Amino acid sequence: QVQLVESGGGLVQAGGSLRLACVVSGRNVSRLVTGWFRRTQGRERLFVAAIMRDSMTYYRDYVKGRFTVSRDNAKNTVYLEMNNLKPEDTATYYCGATSSAPSPQSEYNYDYWGQGTQVTVSS
């Protein structure tokens, strides 16, 4: 089945950058909708960004202009480039995937999840 592994998190000062990677196995990323979500407290994952099968991308307004989601089909990997990081971006970041998602902003539309990678932004 489909498996996802996130990497690239760490500690960074405000204004810095990180690139998260989601390595996918079991299915070509070009056949998946892949979303990035983050969790601070509670059990809810909050939508950050997504890339559709046709490469269309979606972002929440609080990251648009700072974050970029992209895909490398040859490496079967989806990336989240994060620039100008703010302390409020501190969270555990997850990638999720599904074969189709008319509403990619909802975590409940995803069938597969990675284990998460921690991002901490200091002020």
Side-chain angles (χ1 to χ4, degrees):
Q1 68 270 22
V2 175
Q3 293 182 331
L4 303 89
V5 179
E6 304 98 335
S7 63
L11 175 64
V12 64
Q13 294 183 204
S17 299
L18 287 171
R19 187 179 72 162
L20 307 183
C22 177
V23 179
V24 178
S25 61
R27 193 171 300 172
N28 294 139
V29 290
S30 61
R31 297 178 59 201
L32 293 168
V33 174
T34 304
W36 287 96
F37 293 75
R38 65 190 189 190
R39 175 183 288 164
T40 53
Q41 58 184 351
R43 59 182 177 178
E44 183 182 15
R45 295 182 177 98
L46 303 179
F47 175 75
V48 176
I51 184 166
M52 311 300 285
R53 294 176 61 170
D54 63 0
S55 298
M56 178 176 289
T57 57
Y58 296 89
Y59 301 91
R60 284 298 188 190
D61 57 3
Y62 53 83
V63 305
K64 192 171 185 179
R66 298 190 297 124
F67 292 9
T68 303
V69 62
S70 62
R71 183 173 65 205
D72 187 331
N73 292 339
K75 296 181 178 179
N76 221 42
T77 300
V78 175
Y79 301 94
L80 183 67
E81 182 76 25
M82 304 185 294
N83 299 310
N84 192 25
L85 283 161
K86 305 176 183 297
E88 51 264 40
D89 294 319
T90 295
T92 302
Y93 284 72
Y94 299 84
C95 62
T98 184
S99 59
S100 64
S103 299
Q105 298 86 353
S106 174
E107 66 170 324
Y108 302 106
N109 289 333
Y110 291 80
D111 300 313
Y112 315 104
W113 291 97
Q115 297 300 306
T117 185
Q118 178 67 36
V119 172
T120 302
V121 184
S122 62
S123 59

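Since the structure is predicted, the reported quantities are computational estimates derived from the model, not experimental observations.
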Please check if Val29 and Tyr79 belong to a single hydrophobic cluster, counting links between Ile, Leu, Val, Met, Phe, Trp and Tyr side chain heavy atoms closer than 4.5 Å. no
I would like to know whether Val78 and Leu32 meet side chain to side chain contact (heavy atoms under 4.5 Å, CB included); could you show each step before the answer? CA-CA 10 Å; Val78 175; Leu32 293 168; over 6 Å; no
Arg60 to Phe47 six-membered ring, cation-pi geometry met (6.0 Å, 45°): no
Which heavy atom in Leu20 sits nearest to a heavy atom in Gly9, and how many Å separate them? CD2-N, 3.6 Å
Please find the pair of heavy atoms, one from Cys22 and one from Trp36, that lie closest to each other, and give the distance. CB-CZ2, 3.7 Å
Verify, without hydrogens or angle tests, whether Asn109 (side chain) and Ser103 (backbone) share a donor-acceptor contact under 3.5 angstrom. yes
Side chain proximity check, Thr117 to Ser7, heavy atoms < 4.5 angstrom: no
Are Trp113 and Val48 in one and the same hydrophobic cluster, where Ile, Leu, Val, Met, Phe, Trp and Tyr link if side-chain heavy atoms are under 4.5 Å apart? no
Write down the atom of Leu18, the atom of Gly8, and the distance for their closest heavy-atom approach. CD2-O, 3.8 Å
Side-chain donor/acceptor of Asn76 to backbone N/O of Val24, under 3.5 Å: yes
Is it the case that the side chain of Tyr59 and the backbone of Val69 share a donor-acceptor pair, with hydrogens and angles ignored and the cut-off at 3.5 Å? yes
Side-chain heavy-atom pair Glu88, Tyr62 within 4.5 angstrom cut-off: no
Spacing of OG belonging to Ser100 relative to CZ belonging to Arg31, to within rounding of 0.5 Å: 11.5 Å
Kindly say whether Val121 contributes a backbone atom to a donor-acceptor pair with the side chain of Thr90 at under 3.5 angstrom? yes
Is it possible for you to say whether Val5 and Leu80 belong to one hydrophobic cluster, with membership spreading through side-chain heavy-atom contacts below 4.5 Å? no
If you define the side chain from C-beta out and look only at heavy atoms, does anything of Arg38 sit under 4.5 Å from Val63? yes
For Ala14 and Ser123, the nearest pair of non-hydrogen atoms, with its separation, is CB-CA, 4.4 Å
To check you understand the geometry: which heavy-atom pair defines the closest contact between Met82 and Leu85, and what is its length? CB-CD2, 3.8 Å
Within this structure, what is the CG-OG distance for the pair Asn84 and Ser17, rounded to the nearest 0.5 Å? 7.5 Å
So does Ser122 get a backbone contact from the side chain of Gln13, meaning a donor-acceptor N/O pair under 3.5 Å? no
Any side-chain to backbone donor/acceptor pair from Glu6 onto Gln115? Under 3.5 Å, distance only. yes
Side chains of Thr98 and Asp111, donor plus acceptor under 3.5 Å: yes
How long is the span from the OH atom in Tyr93 to the CZ atom in Arg45, to the nearest 0.5 Å? 14.5 Å
Minimum side-chain heavy-atom gap Thr34-Arg71 below 4.5 Å: no
Kindly give the heavy-atom pair with the smallest separation between Asp89 and Arg66, and that separation in Å. OD2-NH1, 2.7 Å
So that I know where these two stand, are Tyr110 and Phe37 an aromatic pair - ring centroids less than 6.0 Å apart? yes
Would you confirm whether Asp54, through its side chain, and Met56, through its main-chain N or O, come within 3.5 Å as a donor-acceptor pair? yes
Can you hop from Tyr112 to Val33 via hydrophobic side chains spaced under 4.5 Å? no
Using modelled atom types only, decide if a donor and an acceptor are shared between the side chain of Arg27 and the backbone of Val2 within a distance under 3.5 Å. no
